[in-house]
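Encoded as structure tokens, the structure appears first; notes follow it.
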Amino acid sequence: MSDPAPLRPSGRPLDVASASGSASDTAPGTGSAPGLVPRPRHGSTTLRPHDLDPGLFDAVARARGGTDGVAALRRGQLSKRMLLVVAVRRALPPEAGFKEPYRRLSEMNHEDPDRWRRTMLHPYLDEGLACALAESAQGGRPDLGWFGELVRGGPAALSGPHVLSTERDGVVLSVRLDDRGPFRTVHGHTPADPQTGDEVRHWQRLLDDAWRVLVRRHPWHARAIAACLTTLVPLHLPPGGLISSAARRAYGAVALSPPGDPVLLALTLVHEFLHIQLGALLDMVDLYGPPSQARYHAPWRPDPRPLDALLQGTYAHLGVCDFWHTERAAAPPDPRAEQEHTTWYGHTRRAVDTLLGSGELLPPGRRFTEEMRRALARSREFPGNLGHLPTV
């Protein structure tokens, strides 16, 4: 499908000057919040919506957005978080204790932009600021001590000291093992207790083995995951086995219980990465209309789902189908691959058809879903063109 116009959010451009508050909140002579909102070009006083190249949009829909897709969606996340910080600054009185860390964050943007980006992209900054805004709107006084800790000490101050790093064939993944920070319950499961040294080493071994699978057999996913993922959150292992979660307001974080199988950990990272990507895309482009009361069958669940949940599940399971499609070409092939691919192809194709027949998708959402269908159609063919993937 061709479309020469860039895909972009609907609505008017965001007025930076009005979003940033009174003159007392701005740097002298700038007319905008100091260091938090991009400087307007050519005298403009607005922050324009992000354009998303149609070809890149289609690639993201096919789970092939790669590092370019991650970079585009991450820029959207940075803009969203800048506006959230400004909104909290406006909503709180001077004595709330937000002014000083706000000032430090603004200075950091000029003095150490890399550290500023790491701080702004901490997964739970989004959730924390959204909770503060909601509490303030109800007349409360939110405790924002965590925000000051993040600005002063960086991600380690909130998430703990454990960093897992692994490398294979020059592709590096480095993530923080967040075993103590606030807002981890946004994932909907019980976080594990602070990890012991032995447990951290166990996570490192698991990640090493899974990363070898991803880089050697799924390099397109590995490179994108390395560019996006910053945080793993250990969860208590439930009686039923492995669980995992990505949350809409936790960009870059995956919560999961420790799996015993490196292939399943690799699959989990692909599955949850696609949830993260779709959440970030939905912050930039409307794919469906306002919520409705309609519910739809999801082949992998017993309960009917609203359209937004069905779209999320379908896109993540496109990654599952793609993963097992590729695993069929491994040497020797994973004995689970053929059956898993057949199962997930059927589930995902039926869900795509349900989405396209729902009547709730907007034109970008229909385009996105049609691209998913094209990607699924290609996975029907045995991946012989990949050759035999190496044993890992």
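Bear in mind that the values here come from a model prediction, so they are computed numbers and not experimental data. Atoms considered below: every heavy atom in the structure, side chains included; atoms not considered: hydrogens, waters and symmetry mates. The first residue of the sequence shown is numbered 1, and numbering continues consecutively from there.
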- For Gln312 and Asp308, does a side-chain donor sit closer than 3.5 Å to a side-chain acceptor? no

- Student check: side-chain heavy atoms of Leu278 and Leu287 closer than 4.5 Å: yes

- Task: Could you give me the CA-CA distance, side-chain angles and deciding distance for Arg64 and Asp58, then say whether side-chain contact (heavy atoms from CB on, under 4.5 Å) is met?
- Result: CA-CA 8 Å; Arg64 286 296 187 274; Asp58 293 346; over 6 Å; no

Donor-acceptor pairs under 3.5 Å, side chain of residues 238-248 to any protein atom, not counting sequence neighbours: which ones?
from, atom 1, to, atom 2, distance (Å)
Ser244, OG, Glu272, OE2, 2.5
Ser245, OG, His187, O, 2.9
Arg248, NE, Gly279, O, 3.2
Arg248, NH2, Asp283, OD1, 3.0

- Item | Steps toward side-chain contact (heavy atoms from CB on, under 4.5 Å) verdict (Trp220, Asp322) | CA-CA 11 Å; Trp220 44 89; Asp322 180 59; 3.7 Å; yes

- Query: When hydrophobic residues are tied together by side-chain contacts of less than 4.5 Å, even through go-betweens, does Leu264 share a cluster with Leu237?
  - Reply: no

- Between CG on residue Leu78 and NZ on residue Lys80, distance to nearest 0.5 Å: 11.5 Å

- Going by heavy atoms in the side chains, are Val320 and Leu267 under 4.5 Å from each other? yes

- Message: Please determine whether a side-chain nitrogen of the Lys or Arg among Arg103 and Glu100 lies less than 4.0 Å from a carboxylate oxygen of the Asp or Glu.
- Response: yes

- Item | Note, Val175 side chain near Leu207 side chain (heavy atom, < 4.5 Å) | yes

- Item | Side chain to side chain, Leu281 and Leu73, heavy atoms closer than 4.5 Å | yes

- Message: Could you check whether Arg374 pairs with Glu371 (Lys NZ or Arg NE/NH1/NH2 to Asp/Glu carboxylate O, under 4.0 Å)?
- Response: yes

- Query: Between Asp353 and Arg349, is the closest basic N to carboxylate O distance under 4.0 Å?
  - Reply: yes

- Please name the pair of heavy atoms, one in His221 and one in Ala63, separated by the smallest distance, quoted to 0.1 Å. CE1-O, 3.6 Å

- Task: List the atom of Leu206, the atom of Pro259, and the distance in Å for their closest heavy-atom pair.
- Result: CD2-O, 3.0 Å

- Donor-acceptor under 3.5 Å (Ser379 side chain, Leu376 main chain): yes

- Report yes or no: does Ser136 contribute a side-chain atom to a donor-acceptor pair with the main-chain N or O of Leu133 at less than 3.5 Å? no

- Message: Side chains of Glu340 and Trp344: any donor to acceptor distance under 3.5 Å?
- Response: yes

- Take Leu232 and Leu269 through the test side-chain contact (heavy atoms from CB on, under 4.5 Å) and record every step on the way to the result. CA-CA 10 Å; Leu232 292 181; Leu269 293 179; 4.2 Å; yes

- Rounded to the nearest 0.5 Å, the CG atom of Leu214 sits from the CG atom of Leu173 at a distance of 9.0 Å

- Query: Taking only residues two or more places apart in sequence, or in another chain, which ones meet Trp211 in a ring pair (Phe, Tyr, Trp, His ring centres under 6.0 Å)?
  - Reply: none

- Sequence neighbours excluded, which residues qualify as side chain to side chain donor-acceptor pair (under 3.5 Å) partners of Trp324? none

- Note on the structure: Value for CG (Asp303) from NE2 (His297), rounded to nearest 0.5 Å, stands at 10.5 Å

- Note on the structure: The side chain to side chain donor-acceptor pair (under 3.5 Å) partners of Arg201 (sequence neighbours excluded) come to Asp198

- Looking at residues at least two apart in the chain, or sitting in another chain, which of them share a side chain to side chain donor-acceptor pair (under 3.5 Å) with Asp112? none

- Over all heavy atoms of both residues, which pair between Ala375 and Leu318 is shortest? Give the atoms and the distance, please. CB-CD1, 4.0 Å

- Message: I want to check something: taking the side chain as every heavy atom from C-beta on, are Leu229 and Tyr251 in contact at a cut-off of under 4.5 Å?
- Response: no

- Ignoring hydrogens and geometry, is there a side-chain-to-backbone donor-acceptor pair from Arg216 to Val213 under 3.5 Å? no

- Between Glu327 and His218, does any side-chain donor sit less than 3.5 Å from a side-chain acceptor? yes

- Are the side chain of Arg81 and the backbone N or O of Met120 linked by a donor-acceptor pair below 3.5 Å? yes

- Note on the structure: Here the pair of heavy atoms bringing Arg184 nearest to Gly181 is NE-O, 2.8 Å

- Output, in order, the C-alpha distance, side-chain angles, deciding distance and verdict of side-chain contact (heavy atoms from CB on, under 4.5 Å) for Arg176 and Thr230. CA-CA 6 Å; Arg176 190 168 296 280; Thr230 62; over 6 Å; no

- Message: Under a 3.5 Å distance rule, please check whether Glu111 uses its side chain to pair with a backbone N or O of Met108 as donor and acceptor.
- Response: no

- Mutual orientation of the aromatic rings belonging to His325 and His341 [parallel < 30°, tilted 30-60°, perpendicular > 60°]: tilted

Please tabulate, for side-chain N and O atoms in residues 140-164, each donor-acceptor pair with protein atoms closer than 3.5 Å (sequence neighbours left out).
from, atom 1, to, atom 2, distance (Å)
Asp143, OD1, Gly145, N, 3.0
Ser159, OG, His122, NE2, 2.9
Ser159, OG, Asp178, OD2, 3.0

- Do we get Arg305 above Tyr296's six-membered ring, with its NZ or CZ under 6.0 Å from the centre and within 45° of the axis? no

- Task: May I ask you to test the Val263-Asp334 pair for a side-chain heavy-atom distance under 4.5 Å?
- Result: yes

- Note on the structure: What one should report as the nearest heavy-atom pair of Cys228 and Phe273 is CB-CE1, 3.7 Å

- Query: Do Tyr315 and Val352 have side chains that get closer than 4.5 Å, going by heavy atoms?
  - Reply: no

- Task: Please round to the nearest 0.5 Å and tell me the distance separating atom CZ of Arg336 and atom CD of Gln339.
- Result: 13.0 Å

- Close side-chain approach of Arg378 and Arg62, heavy atoms under 4.5 Å: yes

- Item | Shortest non-hydrogen contact from Gly69 toward Val60 | CA-CG2, 4.2 Å

- Note on the structure: So CD of Gln277 and CZ of Arg74: to nearest 0.5 Å the spacing works out to 9.5 Å

- To the nearest 0.5 Å, how far apart are CE in Met372 and SG in Cys321? 12.0 Å

